[in-house]
Structures are given as structure tokens and as C-alpha cells.
Amino acid sequence: MSFDYDLFVIGGGSGGVRAARVAAGDTGAKVALAEEDRYGGTCVIRGCVPKKLMVFASEYGDMVEDARSYGWDITPGDFDWTAFRGKLEAELDRLEGVYRRLLANSGVETFDQRARLVDAHTVELADGTRKSAKHILIATGGRPVKPDLPGAELGITSNDIFHLDKLPESILIIGGGYIACEFAGILHGLGVKVTQYYRGAQILRGFDDEARGLICEEMCQKGIDVHLGTNILEMTREGDQFRVKATNGTERLFDQVMFATGRAPNADDMGLEGLGIERGRKGQIVVDDYSQTGVPSVYAIGDVTDRVNLTPVAIREGMAFVETVFKGNPTPVDHDLIPTAIFTQPEMGTVGLSEEDAAEQEPIEVYATSFKPMQQSFAGRADRVLMKLVVSQKTRKILGCHIVAPGAGEMIQLAGIAVKMGATKEDFDRTVAVHPTMSEEIVTMKTPTRTA
Ligand SMILES: Cc1cc2nc3c(=O)[nH]c(=O)nc-3n(C[C@H](O)[C@H](O)[C@H](O)COP(=O)(O)OP(=O)(O)OC[C@H]3O[C@@H](n4cnc5c(N)ncnc54)[C@H](O)[C@@H]3O)c2cc1C
């Protein structure tokens, strides 16, 4: 049977673009890709990249203040959102162009349209055109979802934050996940009065308790008004503002309300049900270790499969798919010990198990130190950092490494190599410290803080 393409990819985000261009570029496969919105997907257009640029923008205010403490004769000014947003938009246009060129240069044919599946080998584009392919790869990512409550349609999500005409004077952020906490820090740094409601007992559920406790304390100490155990009941418009009723009995006015209450996989209206492709509890596409669905010609990668929703993971899954299907080298994706960063202020870098999860698994030793870092302390700030290792008593291996500190994302990438290699506490001990740094503490902690 002959097909129009060897591979049809649906979705031009992190995972889809990588799989398409490697399949076409490395193996000479005939590849097409459909993207309904902008090339680069969530990461480039409304996720990691614009967010990190906003993190950078938000940190300059404090830096100017700190510079004064270091003797610089400079005065903090106001942040010009319009000027920044213009530069941000230009940068995202540039990056989208890069993604388009990467595909074109690899010989991938692109369709700027929505696509859905008609059968195991056929894709239908929004204009009704049908294309056949030996393999179909679904890489359609995810989208933010708002809770079902009165007035929720008045609120914004992380998708909208980059396009605001002007920065609000005050914002309520709802949610306690990493996106909620990152934007709380960003907007606070840009001069917005930030309130955060989270229904749970502590922000950043799933991460190490000590680390998330410190982040929450630091966020509060910086002036973010965090309310735990608090959720929104309803919101209504009142003039230019929004009146928000909360579960703690309060009613407050905010200029803007942002929901960061979760994400859903983009797998609806894709023709999956007709094909018998299984969906999970959150609506994600269920795949095996090789990203294959129950229909042998159809694979899915990235956030739409809701495994580990991070850009480098979507990319890895795309590469492993190409290895498996186009290079004759079946490659499962290794989701173990993925280092990751949370760009809160302070930042967190983490790899492996939290103390709580490790302790459930086996007897552990915990090495932890929290201190005021030199640079901020000299500037008169009360900021604290945390360096923490969770160690197996039996194998001596590092089961988890958690860092809360400026630059923790950069640090954990490197510590992650050692942990992935199976480094023991003694390997860390025999590594000479780099002095004076914050991260030297990670190799100088001699006595366990506690055992469990
Ligand atoms: C605010 C925010 C911050 C983030 N920060 C980080 C971070 O710091 N580090 C990190 O690693 N990850 C981060 N992420 C997560 C990261 O962006 C995602 O894990 C990653 O983009 C997933 O890639 P993907 O290829 O699965 O999907 P996506 O990048 O979402 O791409 C999917 C693409 O498919 C398109 N599409 C959907 N349906 C169709 C259809 N039917 N037909 C055609 N096209 C379709 C979409 O328009 C989209 O372009 C962040 C996410 C958000 C929202």
C-alpha cells in the first residue's frame, strides 16, 4: 500500500517539530506536519521561553536596589511593560521563524491548519483535504483549564499574560503549582500587587516539603500575599475590577484574576474515539514505553500523553519515537531521575525523590543546610537558600537532590548528571568544593541532619 507520507505529525511544538525534522533530516523519510496555531508550540510561544524572559525582566528591580548596597549610585526606575512586550513579541516572532526554517530545511512539508485522524493511516486537515501516512504522530500538547465556577470566564490564564495591554495594579493568582508560583514571583517583581489563593495546605505539591516550605516563606517575605487552604468561590465584574468571593469568607477586589489551576491534554475532537485509541482519566492519550497507542500506526508524545510535562521530555520522546520507528532501534523513553527547575523567586532545582517519597521507599539519611547567601546578605536581604541531599542508607546513593537558591536551575543540571550516574554520598564527599559559592555546601555536608 502506498501512502502520501511516511510520517504525518500533528502539532508543531517541542516534541512534534523535533520528531518531524529528525525523521526527515536523518532518515530521508517523507514527512508532513500540521500546526493550527504558531510554530514552536507552548514552550516557545506561551510557556518556557516568554516566561523565562519575564523572570529575567522581573529580577532587575531588586538587582538595582542591591547594586546600591554595593556602592553603585543608581536609582530604581519604573518598568515599561509596553517596551518589554514589544521586544518579547519580536523575539517570539524570530523564534517561530527559526522553527519554520528548521522544518523547511529538513524537507518537512507543513500545513498551517488543524488536523484530526480519520482512520489509522489518514489525517484530515481543517480545509477538508485528506492525507495518508504510514505512521501518524500526535504531538498536540495541552492547554490551561479554568475551574467550573461562576464568573470564571472573566479570568485570564498563563496564555493571556504575555498579551496584556497594561500590567494590572493588583492580581489574584489562583493555584499552587509551578506556573502559579512562577507568575506570582514574576508579577510581583514587575511591581504588581500579587495575592495568591491555593486550596491545598502548601504550594508546589509533589516536591520536597522542606524545599516548598522555604519557597513559600520567601515568597511571603518578599511581599506576595499567599493564602493557603483558600479557594475562589465566584467572581463578578465591578467597574474596571473583579470582586472575588473566597472560601475563607472574604470578598476582595482585584484588577485581574489569573487561573493557574491545571492543564488538559489537547486530545478532544481528534477522531481518537472512532479509532479506539484509549484515553486516560485526564483525557490524555495512553501509550506504551515506545509512545505507541493501541493502534499500531499511531504514536503520541509530549504533554498530550501527560507523562512528564516538560519540553526536554517531549523532545526526548520525539527522538525515541524516530529511533524506534525510523531507525530500527526500539528505544523506550527513560523518565527516571529527570532534573528540573522551577523559576520561582527563589528558584528551585530538583532531581530524584523528595525526602517524604524516599522515606516511604527505604531507610534514608537527610543532609540539609539552609543559610543566607553571601551576595544577598551583603546587600542586607534576609533571603535564605537550601541545599539538600536525600541518601539511601543501604546503597549510599543520592536518591534526591533539592536546591532552593538563585541559579538553582543551572546547578541542578550539573548535579543531575552525578545523580543519574548513580553517585553516592561518598562520591559527593570526595569532590573538592568550589569556593566561595553557594553550591559548595552540596559537597561539604558531613553529618546527617536526620535519618528516617
Ligand atoms: C506557562 C508555562 C511555562 C512552562 N515552563 C516550562 C519550563 O520552564 N520548562 C519546561 O521544560 N517546560 C515548561 N513548560 C511545559 C512545556 O511548555 C511543555 O511541556 C511542552 O511545550 C510540551 O511540548 P509538546 O510538543 O508536547 O506540546 P506543545 O509545545 O504544546 O505543542 C503542541 C502544538 O500542537 C498544536 N496543536 C494542538 N492541536 C492541534 C491539532 N489538532 N492540529 C494541529 N495542531 C495542533 C498546538 O497549537 C501546539 O503548537 C511550561 C508550560 C507552560 C504553560
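One-based numbering, in listed order, for ligands and for the atoms of each. All values reported here derive from a predicted model rather than from experimental measurement.
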Worksheet item: Which is closest to atom 41 (N) of ligand 1 by heavy-atom distance: Ser158, Ala115, Ala34, Pro312?
Response: Ala115
In residues 165-172, what donor-acceptor pairs under 3.5 Å come from side-chain atoms, sequence neighbours left out?
{"residue": "Ser170", "atom": "OG", "partner": "Asp255", "partner atom": "N", "Å": "3.0"}

Fill in: Per-residue contact class, Lys52 against ligand 1 - non-hydrogen pairs under 4.0 Å
neither
Practice prompt. Before signing off on this row, confirm whether Tyr178 and ligand 1 have an N or O atom pair separated by under 3.5 Å.
Written response: yes
Worksheet item: Got a donor-acceptor contact below 3.5 angstrom from the Ser106 side chain to the Val108 backbone?
Response: no
Practice prompt. For Met258 and Ile161, run side-chain contact (heavy atoms from CB on, under 4.5 Å): C-alpha distance rounded to whole Å, both residues' side-chain angles, the deciding distance at 0.1 Å, then the answer.
Written response: CA-CA 8 Å; Met258 173 179 158; Ile161 206 92; 3.6 Å; yes
Worksheet item: How close does the nearest protein non-hydrogen atom get to atom 27 (O) of ligand 1, and which residue and atom is it?
Response: Gly141 CA, 3.2 Å
Fill in: Heavy atom of the protein closest to atom 9 (N) of ligand 1 (residue, atom name, distance)
Cys48 SG, 3.8 Å
Worksheet item: What is the nearest protein non-hydrogen atom to atom 48 (C) of ligand 1, stated with its residue, atom name and distance?
Response: Glu35 OE1, 3.4 Å
Fill in: Proximal candidate to atom 26 (O) of ligand 1 [heavy atom criterion; set Ile138, Asp269, Asp303]
Asp303
Worksheet item: So which protein heavy atom does atom 11 (O) of ligand 1 come closest to, and at what separation?
Response: Thr311 N, 3.0 Å
Discussion item. Test salt bridge (charged side-chain N to carboxylate O under 4.0 Å, His left out) on Arg46 and Asp37; report intermediate values, then the result.
Written reply: CA-CA 11 Å; Arg46 50 193 167 270; Asp37 192 346; 3.6 Å; yes
Discussion item. Ignoring hydrogens and geometry beyond distance, is a side-chain donor-acceptor pair present between His402 and Thr350 at under 3.5 Å?
Written reply: yes
Discussion item. Return the closest protein heavy atom for atom 25 (O) of ligand 1 as residue, atom name and distance.
Written reply: Gly15 N, 2.8 Å
Response to the item:
Looking at Cys43, Gly47, Ser14, the heavy atom closest to atom 17 (O) of ligand 1 belongs to Cys43
Worksheet item: Does NZ or CZ of Lys30 fall inside the cone over Tyr5's six-membered ring, less than 6.0 Å from its centre and within 45° of the axis?
Response: yes
Worksheet item: In terms of residue, atom name and distance, what is the protein heavy atom nearest to atom 31 (O) of ligand 1?
Response: Gly13 CA, 3.3 Å
Worksheet entry | Donor-acceptor contact below 3.5 Å, side chain Asp66 vs main chain Ala379 | no
